[in-house]
Amino acid sequence: MIVFHIDVNSAYLSWEAVYRLQHGEKLDLRTVPSVIGGNEKNRHGIVLAKSIPAKKYGVRTGEPLVKARKKCPNLMSIPPRYELYMKASNALFQLLQEYSPFVQRFSVDECFLDYTRSNHLYGDPVQVAHSLRERIYQEFGFTVNIGVSSNKLLAKMASDFQKPNQVHTLFLAEVAQKMWPLPVSDLFMVGPATVRKLLKIGITTIGDLAHTDLGLLKAQLKSHGELIWRYANGLDDSPVHVGDYLPHRGVGNGSTIAFDVTDKRTAHKILLSLTEKVAMRLRASGYTAQVVAVAIKNSSFLRYSHQTKLSAPTDVTNEIYQTVCRLFDECWQKEPVRHLRVRVSDLKPCAESQLLIMGAKQHSKLQSIDRTVDKLRKKYGANVLIRGIFLHSGHKAVLGGVGEDDYKMMSSIL
DNA sequence: TCTGGGGTCCTAGGACCC
DNA sequence: TCTGGGGTCCTAGGACCC
């Protein structure tokens, strides 16, 4: 197998920079300390993407803008434009398909491309990767890193080497020299919690991990131990998934609220606006759901959640919402709430949906109302129909979401 | 006005059944 | 009237990814 991993450098920031240059702006955001940052008034104030100059000041993705500014006082912060980023992402995805029909969209800014069967058509993979990289820059104006290897894990690790605008290889024979000296935290699927556990048994580099006894790792880290041991040794046999190969597992929508919620009525209103979007997206996906969950983050940043399995799957907004409210009431500890999330899972295709349950008539009536509302909202926008409860309430009727993501988000298993 | 949002997978523990 | 013990389902929480 020959796999490319294509990774857009500082994706949101690059796309924003290119857009601005194309619209007459003189300054290239990529050349100065800058970030794409959330709205601080709404308590969304974190770094979503950073330029390379900002990185040199120690600015990190995910950290509060306040903290980033302390490291870099003249940091520019630009609000995100998700629709633009989605368009750029789609354009890249389209272009990649010219090189192989086997392209897996891994996230908004990452794709895997299975080059195995393109090899005899287009020739040497490394040369092709270089021309692809150059072509993306010429046609789109943003840069990518491309990792080339014999499996997805190594291709992904390779694309993470020196940036930007580079092609790197990481074939099995190169693993010892190029990957083993790196800190173990650089390995895909090794996060902070795992780093702490590994440090306790004396593992600090990927090479250390690769040479550790598998039995010991399994004893300490269960199945995750085996996974990262295999990765450290460059082993991965997962295929490049195309199209809808991976089924949806659930649909969720959550939001940090601009103020702390301290009463049940307000909480229910926000939960309704979250549920509206979840149910719309569920219906659009053609699934019904049997598990409903509510998650709360309180003002101390403590998180907890509560879920239940319905007696029958549903895609009806009202049925989900009733359950959401019950779950919230059952688990809310009465402290100020910072963030709320609604999630449905245990999905079944719509066709399997029940017809002979109690109250089936009421259920199908609600279903047809929902579908009508969906159509109108699709045509005229989310605010064409607003529930009476939201009128003059100061709350948005449909809350959350980062643009219409009609692509699959990543899965943690390659 | 310090700390987002959307995913997936795994594990532990309790309930329940035979 | 000292105790079992698998198997499955369900829920909560944690870990990881971008």
Side-chain angles (χ1 to χ4, degrees), chain A residues 5 7-8 10-12 35-49 60-71 77 79-80 82 85 89 105-111 153 156 159-160 185 187-197 221-228 231 241 246-260 274 277-278 281 290-310 327 330-331 338-347 399-405 407-414:
Chain A
H5 179 255
D7 189 332
V8 180
S10 316
Y12 287 1
V35 296
I36 304 299
N39 182 337
E40 289 172 286
K41 277 196 192 113
N42 296 343
R43 309 201 292 188
H44 287 53
I46 60 150
V47 174
L48 297 161
R60 290 216 284 255
T61 303
E63 81 180 345
L65 289 170
V66 171
K67 222 171 141 186
R69 268 190 223 100
K70 277 183 190 153
K71 296 177 182 173
S77 178
Y82 293 107
Y85 311 151
S89 173
R105 201 158 191 176
F106 194 56
S107 75
V108 69
D109 66 341
E110 290 180 36
C111 287
L153 181 273
K156 182 160 169 56
S159 71
D160 225 24
S185 56
L187 186 64
F188 182 66
M189 290 303 288
V190 175
T194 305
V195 169
R196 281 195 297 275
K197 289 178 197 168
L221 298 162
K222 314 286 178 193
S223 65
H224 193 60
E226 179 160 13
L227 180 80
I228 62 176
Y231 285 178
H241 296 292
L246 290 173
H248 264 237
R249 309 316 294 263
V251 177
N253 183 206
S255 186
T256 293
I257 305 145
F259 51 92
D260 281 350
L274 293 167
K277 184 132 196 172
V278 167
R281 285 172 53 205
Q290 201 163 357
V291 169
V292 177
V294 170
I296 295 171
K297 178 153 69 180
N298 67 24
S299 52
S300 318
F301 279 77
L302 258 152
R303 294 166 221 248
Y304 51 95
S305 64
H306 192 32
Q307 70 174 60
T308 192
K309 185 163 186 170
L310 306 173
L327 289 168
E330 281 172 5
C331 78
R338 176 186 179 88
H339 173 106
L340 285 169
R341 155 166 291 270
V342 171
R343 185 173 167 79
V344 296
S345 56
D346 197 3
L347 305 188
L399 188 66
V402 290
E404 291 318 305
D405 37 324
Y407 63 93
K408 292 271 191 308
M409 292 302 284
M410 64 156 308
S411 89
S412 56
I413 294 300
L414 297 172

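Quick note on labels: first sequence line is chain A, next is B, and so on, each numbered from 1. Computed from a prediction, not measured in an experiment: that's the story for all the values here.
- In this structure, the side chain of A:His44 does not engage the main chain of A:Ala258 through any donor-acceptor pair within 3.5 Å.
- In this structure, the side chains of A:Leu340 and A:Val342 stay at 4.5 Å or more apart for every pair of heavy atoms.
- A:Asn42 is not listed as a side-chain neighbour of A:Thr256, based on a closest heavy-atom distance of 4.5 Å or more.
- In this structure, the CG atom of A:Leu153 is 14 Å from the C1' atom of C:dC16, given to the nearest Å.
- Per the geometry, CG belonging to A:Leu227 stands 11 Å off C1' belonging to B:dC10, to the nearest Å.
- If you measure from atom OH of A:Tyr231 to atom P of C:dC17, you get 10 Å, rounded to the nearest angstrom.
- Backbone-only engagement by A:Gly45 is indicated by non-hydrogen atom pairs under 4.0 Å involving sugar-phosphate atoms exclusively.
- Within 4.0 Å of A:Thr308, counting heavy atoms only, lie sugar-phosphate atoms of the nucleic acid but no base atom.
- Residue pairs satisfying the salt bridge (Lys or Arg N to Asp or Glu O under 4.0 Å) criterion with at least one member in residues 60-70 of chain A, sequence neighbours excluded, are listed as follows: A:Glu40-A:Arg69, A:Glu63-A:Lys71.
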Shorter than 3.5 Å, N or O on both sides, protein versus nucleotides 11-15 of chain B: list them out with atom names.
| residue | atom | partner | partner atom | Å |
| --- | --- | --- | --- | --- |
| B:dT11 | OP1 | A:Ser223 | N | 3.4 |
| B:dT11 | OP1 | A:Ser223 | OG | 3.1 |

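- Looking at A:Leu327 and A:Val292, their side chains come closer than 4.5 Å, going by heavy atoms from C-beta outward.
- Among the nucleotides C:dC10, B:dG5, C:dC16, the one closest to any side-chain atom of A:Lys309 is C:dC10.
- Among residue pairs with one or both ends in residues 298-309 of chain A, those qualifying as salt bridge (Lys or Arg N to Asp or Glu O under 4.0 Å) are A:Lys309-A:Asp346; sequence neighbours excluded.
- The interatomic distance linking A:Leu48 (CG) with B:dG5 (C1') rounds to 9 Å, in whole Å.
- Taking side-chain N and O atoms only, A:Arg338 has a distance below 4.0 Å to OP1 or OP2 of B:dT3.
- A salt bridge is absent between A:Glu110 and A:Arg105: the closest approach of a Lys/Arg side-chain nitrogen to an acidic carboxylate oxygen does not fall below 4.0 angstrom.
- Within the 4.0 angstrom heavy-atom criterion, only backbone atoms of the sugar-phosphate kind lie near A:Val190; the bases stay farther away.
- OP1 or OP2 of B:dG5 has at least one side-chain nitrogen or oxygen of A:His339 nearer than 4.0 Å.
- The 5' end of DNA chain B is approached more closely, in terms of each residue's nearest nucleotide, by A:Ile46 than by the other of A:Arg343 and A:Ile46.
- With C1' as the reference atom, C:dG4 and B:dC17 are 14 Å apart, rounded to whole Å.
- The CZ-C1' distance, from A:Arg249 to B:dC10, rounds to 13 Å in whole Å.
- Regarding contacts with the backbone of B:dT3, every side-chain N or O of A:Lys297 stays at 4.0 angstrom or more from both OP1 and OP2.
- Listed nucleotides: B:dT1, C:dC16, B:dG5. Nearest to the side chain of A:Met189: C:dC16.
- Contact check for A:Ile296 versus A:Cys331: side-chain heavy atoms found under the 4.5 Å cut-off.
- When atom types are taken as modelled, the side chain of A:Asn39 and the backbone of A:Lys41 share a donor-acceptor pair closer than 3.5 angstrom.
- Nucleic acid contact for A:Glu110: sugar-phosphate only, since backbone atoms but no base atoms lie under 4.0 Å from a heavy atom of the residue.
- Residue A:Thr61 places none of its side-chain N or O atoms closer than 4.0 Å to OP1 or OP2 of C:dC18.
- Atoms NZ (A:Lys70) and C1' (B:dC2) sit 7 Å apart, rounded to a whole Å.
- The minimum heavy-atom distance between A:Val278 and A:Gly252, with the atom names listed, is CG2-C, 3.9 Å.
- A 4.5 Å side-chain heavy-atom check between A:Tyr12 and A:Val35 finds every atom pair outside the cut-off.
- Using a 4.0 Å heavy-atom distance criterion, A:Asp109 is classed as a sugar-phosphate-only contact.
- In this structure, A:Val195 and A:Val190 have side chains that are in contact, with non-hydrogen atoms separated by less than 4.5 Å.
- Contact annotation: the side chain of A:Tyr85 approaches that of A:Pro80 to within less than 4.5 Å [non-hydrogen atoms, C-beta and beyond].
- Between A:Arg341 and B:dG4, a side-chain N or O to OP1/OP2 separation shorter than 4.0 Å is absent.
- Of the side-chain N and O atoms in A:Ser255, one or more sit less than 4.0 angstrom from OP1 or OP2 of B:dG5.
- Heavy atoms of A:Lys67 sit nowhere under 4.0 angstrom from any nucleic acid atom.
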So which protein N/O to nucleotides 6-8 of chain C N/O distances come out below 3.5 Å?
none

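- Atom NE2 of A:His44 is separated from atom C1' of B:dT1 by 13 Å (rounded to the nearest Å).
- Between A:Gln290 atom CD and C:dC10 atom C1' there is a gap of 12 Å when expressed in whole angstrom units.
- In this structure, the side chain of A:Arg341 does not engage the main chain of A:Ser255 through any donor-acceptor pair within 3.5 Å.
- The main-chain N or O of A:Val108 is found under 3.5 Å from a side-chain atom of A:Ser89 such that the two form a donor-acceptor pair.
- Helical stems involving DNA chain C, defined as 3 or more consecutive Watson-Crick or G-U pairs under 3.5 Å, span B:5-18 with C:5-18.
- Contacts between residues 298-307 of chain A and DNA chain C, counted as heavy-atom distances below 4.0 Å, involve A:Tyr304, A:Ser305, A:His306, A:Gln307.
- With rounding to the nearest 0.5 angstrom, the NZ atom of A:Lys297 is 10.5 Å from the CG atom of A:Leu302.
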